[in-house]
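A quick write-up on the structure given underneath.
Proteins come first, then strands; the chains are lettered A, B, ... in the order of their sequence lines, and each starts at number 1. On a predicted model such as this, the values are computed, not experimentally measured, just so you know.
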Amino acid sequence: MQQPESGPRPAKRLRTSEPAPPPSPLPAAAAADALAGWSAMKPQPQPPQLQQQQRQAGSSAGPAGPAAFVSPEWLEQSLAQGQPLPAAGFPPPEEPEVLTPVAGGRSSRQGSCPSVREGARPGSRESIRSGSTQRRQGGVDADDRRRWLGEDMWHEGCATMGAVELMLQGVFSEERSRQIGNEPLVQALSELSKYEGALAADSKLEGGVELGSERGEINERALQYARAAASVRACAYRLCPPVRAHQLPFVAESTADKICQILETGTCAPLEFFRADQPVRDSRGRVRPDSAGGATRARFCKLPGVAQKTAERWWQLGLRSFDDVERAAQPGGPLAEGGEAPIGTEARFSLEHREDLLEGTRREEVLEMMAAVQAGVQAVTGAAEGWKVEVVGGGRRSQAAHDADFCVTHPSVPLEGVLLQLRGHLVREGRLFPPGEAMFRTQHGRMPTHIERLRHEHLRRLSSGTPSRRTLDRFDRLHAIYRTAAGRACRIDVIFVPPDEWAFGFLGWVGSKTFLRHMRRLADDRGMFLNSHRLFAVQDGQSVMVPDEAPPRHAGGKPHWPPGWAPGRRVEHERDIFELLGLPYREPHKRDMPG
DNA sequence: AAAAAC
DNA sequence: TTTTTGC
DNA sequence: GTTTTGC
DNA sequence: AAAACA
């Protein structure tokens, strides 16, 4: 009933300090070490047939013309949407998906206590028993929480915590979710999130009318689907219809409906519209402006150097495939020099090398790049010992990664300027495509004074309540394209993290994005401020570092040292950050919340 | 926020 | 000035 | 009912 | 779209 990974949390060792990370092994050994977790993971097994069904649906696009057969689901969903749906996603109901009732005996109570649930729509105040009895946050009752989380992860506190904290008790592993049988649903919700994300172009003004969809920069729909996808991935039992609202965190009526449709038919209305490049409708049945071309625009966005704006522009020029874009970039075309919307250097390169870039990075390529970074920092600093180069990002969480990310540190060599030297070194060695040819961006020189800036930002958030623009981290970073020995082009990111911020930087670069959002929200709920550099709290109107200058806060913002912690102990490992936040530790491969 | 492309 | 950049 | 949603 | 808060 304890958190399986965190071990006996209370009886933690009490250390003073051990400032220096262990010296780094030779490149090859370091590589093997960093990737040790991979060997435990198996190559992708077969996705269930649900996915094949979905693929087919996507390929034969087009709205429902004079369809020969109309399935009940098609009719139902078309009516719900107020418009005819693309017929592709609604095959004749020859054989309804084999969906056994919930596995493993946990289903015993499923649907068997309607007394609480039937009238328990959030809309009806009936569901909230005058507040006194076990007022639960997040709408999910204790039984549902327990079934969702699974017995292994469940503990007393889970019954009453907020939804964000509850989510962070979960295990987010694609492998686990696939074994349970929920991964196709996760993929469908994640796909929806990506389509929404690709639309996020600032549609503030159009024809002088505020469309009001975007407040600030967060895309609420993409966020919502990402949360739902994460919630499903952590679900301990196989979901099968009917899925009730509030059966799992971040799934209420609307999402539960879509989940049921996906489980029953393999798809749902918005998914089919996106896949067919058709505009989707909002919950009130109105066509959402600028929502056409979801599938194509999301595909364009996969190229480094292409994001929402460029994807939308290409779509509006009538381009529907990479081949179209390539033709348009030929002399005389709209994307050529002097044309209507000339293609940028980075996008042009990405287009040319799309076969490499879209395939993702293979294990051996990650190892090759890591060895090159390791050798590079040794060469440019003359320090042969002590460098730590770790794989972070998706490559650390799972086997599949679209790029290679590395965090680099050294216990004693100052990191200032090393990034620029490394960059020059790798270009001279012919390993990086040079600036002007491909993506080649660096950020450096922001580390001096960064702590004071972060304190300032922390306080500004508190006082002004301004949504305030986001601040990315201030580490020296390189974002570029690496040329492997075999001549393949791979996206690479290198991040220099000072040793005293290692745990925070590592955590922030391992992700996942959705996981970090939850962690940072929890810190906020606790009255703290977490970023890739530090954890902060407020004391006497000052921004103070946790745990160096003040104890962490717990529920209600109360200062409290967790078991094993006392003034003087410093954050050295990722696990320390989980403990300060009162969370069970999760290995990187269990932080794979989909986005 | 800041770099780079425009 | 606009667009993209990370987890 | 209103605000927040990551940094 | 959902949760937390007022």
Contact class for [X] (heavy atom, under 4.0 Å): base, sugar-phosphate, or nothing?
| X | result |
| --- | --- |
| A:Val392 | nothing |
| A:Asp257 | nothing |
| A:Leu507 | nothing |
| A:Tyr225 | nothing |
| A:Met519 | nothing |
| A:Arg348 | nothing |
| A:Arg313 | sugar-phosphate |
| A:Thr514 | nothing |
| A:Arg477 | nothing |
| A:Asp405 | sugar-phosphate |
| A:Gly305 | sugar-phosphate |

Task: Identity of whatever pairs with E:dC5 - Watson-Crick or G-U, under 3.5 angstrom - done: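 D:dG1 - that is the nucleotide pairing with E:dC5, both distances being under 3.5 Å.
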
TODO: Would you write the dot-bracket representation of DNA chain B, where each base gets (, ), [, ], | or . depending on whether it forms a Watson-Crick or G-U pair under 3.5 Å and with which partner?
DONE: |||||.

Task: Rounded distance in Å between the C1' positions of B:dA2 and D:dC7 - done: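 One C1' to the other, the span is 15 Å.
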
Open item on the list: With rounding to the closest Å, how many angstrom separate the P atoms on B:dA4 and D:dT5?
Closed with: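 Straight-line distance between the two P atoms is 31 Å.
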
Filtered N/O pairs between nucleotides 2-6 of chain B and protein, under 3.5 Å:
residue	atom	partner	partner atom	Å
B:dC6	OP1	A:Gly344	N	3.4
B:dC6	OP1	A:Thr345	N	3.4

Side chain of [X] - closest among [options]:
| X | options | value |
| --- | --- | --- |
| A:Gln224 | C:dT3, E:dA1, C:dT5 | E:dA1 |
| A:Met439 | C:dT5, C:dC7, C:dT3 | C:dT5 |
| A:Ala163 | E:dA1, E:dA3, C:dT4 | E:dA3 |
| A:Leu516 | C:dC7, D:dC7, E:dA3 | C:dC7 |

Quick one: do [X] and [Y] make a salt bridge, cutoff under 4.0 Å?
| X | Y | result |
| --- | --- | --- |
| A:Asp473 | A:Arg446 | no |
| A:Arg521 | A:Asp524 | no |
| A:Glu549 | A:Arg534 | no |
| A:Arg396 | A:Glu390 | yes |

- [ ] Could you walk me through whether A:Asp493 and A:Trp509 pass the side-chain hydrogen bond (donor to acceptor under 3.5 Å, both in side chains) test, one step at a time?
- [x] CA-CA 10 Å; A:Asp493 296 319; A:Trp509 276 87; over 6 Å; no

- [ ] Using only side-chain N and O atoms of A:Ser532, determine if any of them is under 4.0 Å from OP1 or OP2 of C:dG6.
- [x]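 Negative; the distance criterion is not met.
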
TODO: May I ask you to decide if the ring planes of A:His533 and A:Phe475 are parallel, tilted or perpendicular, using 30° and 60° as cut-offs?
DONE: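 Rings of A:His533 and A:Phe475: tilted, 30 to 60°.
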
Task: Along DNA chain E (nearest heavy atom to each residue), the more 5'-positioned of A:Ser254 and A:Arg521 - done: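 The residue mapped nearer the 5' terminus is A:Ser254.
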
Task: Residue whose nearest DNA chain E nucleotide is more 5′ - A:Thr255 or A:Asp525 - done: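 Between the two, 5'-proximity favours A:Thr255.
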
Task: Pair A:Phe433-A:Phe349, ring-ring contact (aromatic ring centres under 6.0 Å, His included): steps then yes or no - done: CA-CA 10 Å; A:Phe433 290 91; A:Phe349 178 95; 4.7 Å; yes

- [ ] Find the distance A:Leu454:CG to D:dC7:C1' and express it as a whole number of Å.
- [x]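 Value for this atom pair: 10 Å.
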
Task: Atom-to-atom span, CG of A:Leu530 to P of D:dC7 - whole angstrom - done: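 Atom CG in A:Leu530 sits about 9 Å away from atom P in D:dC7.
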
Task: Ring centroid separation A:Phe322 to A:Phe300 under 6.0 Å - done: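 Aromatic pair counts; centres sit under 6.0 Å.
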
Open item on the list: Rounded to the nearest 0.5 Å, what separates atom CG in A:Asn531 from atom CE in A:Met519?
Closed with: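 Going from CG on A:Asn531 over to CE on A:Met519, the span is 12.5 Å.
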
Open item on the list: Side chains of A:Arg233 and A:Val171, heavy atoms from C-beta outward: is any pair under 4.5 Å?
Closed with: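 The answer is no; the side chains never approach within 4.5 Å.
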
